[in-house]
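The block underneath contains the structure these notes are about, expressed in structure tokens.
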Amino acid sequence: MKLAAMGVLIISAALLIFIVMKKRLGWGWISLFGTHLVLAALALYVVNFSGLISGVHVPLNPVTIGTVTILGLPGVIMLMGLKITLF
């Protein structure tokens with residue numbers, strides 16, 4: 001099973017690199033995505049350890065970082081609201 005998953009990962013990565021090179025997107029979008037990823041993790045870190053809202057701890061995992069990467073600051077607010085209302 002691990003071998004099949006590794007095969008799918010390698011094929012997916014190869015196809016992604018092929019598409020990037022064929023469309024001539026360049027590598028600029030990777031630096032932009034990386035910047036958004038770092039800022040998302042920093043925003044979640046500030047929320048968790050600033051103490052602005054006591055009792056709210058949003059975990060740093062791929063789902064929360066991805067949400068904040070895509071949605072930005074409203075994503076942080078959404079995650080905090082979900083944490084307060086659901087848990």
Heavy-atom pair with the smallest gap, counting every atom of G75 and V68
C-CG2, 4.1 Å
Can you name the nearest heavy-atom pair linking T64 to P59, along with the distance?
OG1-O, 2.7 Å
Check whether any side-chain N or O of N48 sits under 3.5 Å from a backbone N or O of V58 as a donor-acceptor pair, and report yes or no.
yes
Given the rule that I, L, V, M, F, W and Y join up when any side-chain heavy atoms are under 4.5 Å apart, are V47 and L82 in one cluster?
yes
What verdict does the side chain to side chain contact (heavy atoms under 4.5 Å, CB included) test give for L15 and I11, after you've listed the backbone C-alpha separation in whole Å, the side-chain angles of each residue and the deciding distance to 0.1 Å?
CA-CA 6 Å; L15 288 173; I11 291 170; 4.0 Å; yes
Return the minimal non-hydrogen interatomic distance between V76 and A43, and the atom names on each side.
CG2-CB, 3.8 Å
Is V8 reachable from F18 through a run of hydrophobic residues whose side-chain heavy atoms are each under 4.5 Å from the next?
no
Value for CG (L71) from CG (L79), rounded to nearest 0.5 Å, stands at 8.0 Å
Shortest non-hydrogen contact between H57 and K83, atoms and distance
O-CE, 3.1 Å
Rounded to the nearest 0.5 Å, the CG atom of L42 sits from the CG atom of L37 at a distance of 11.5 Å
Check L60, N61, T67 against L44 for a side chain to side chain contact (heavy atoms under 4.5 Å, CB included) and give me the one that passes.
L60
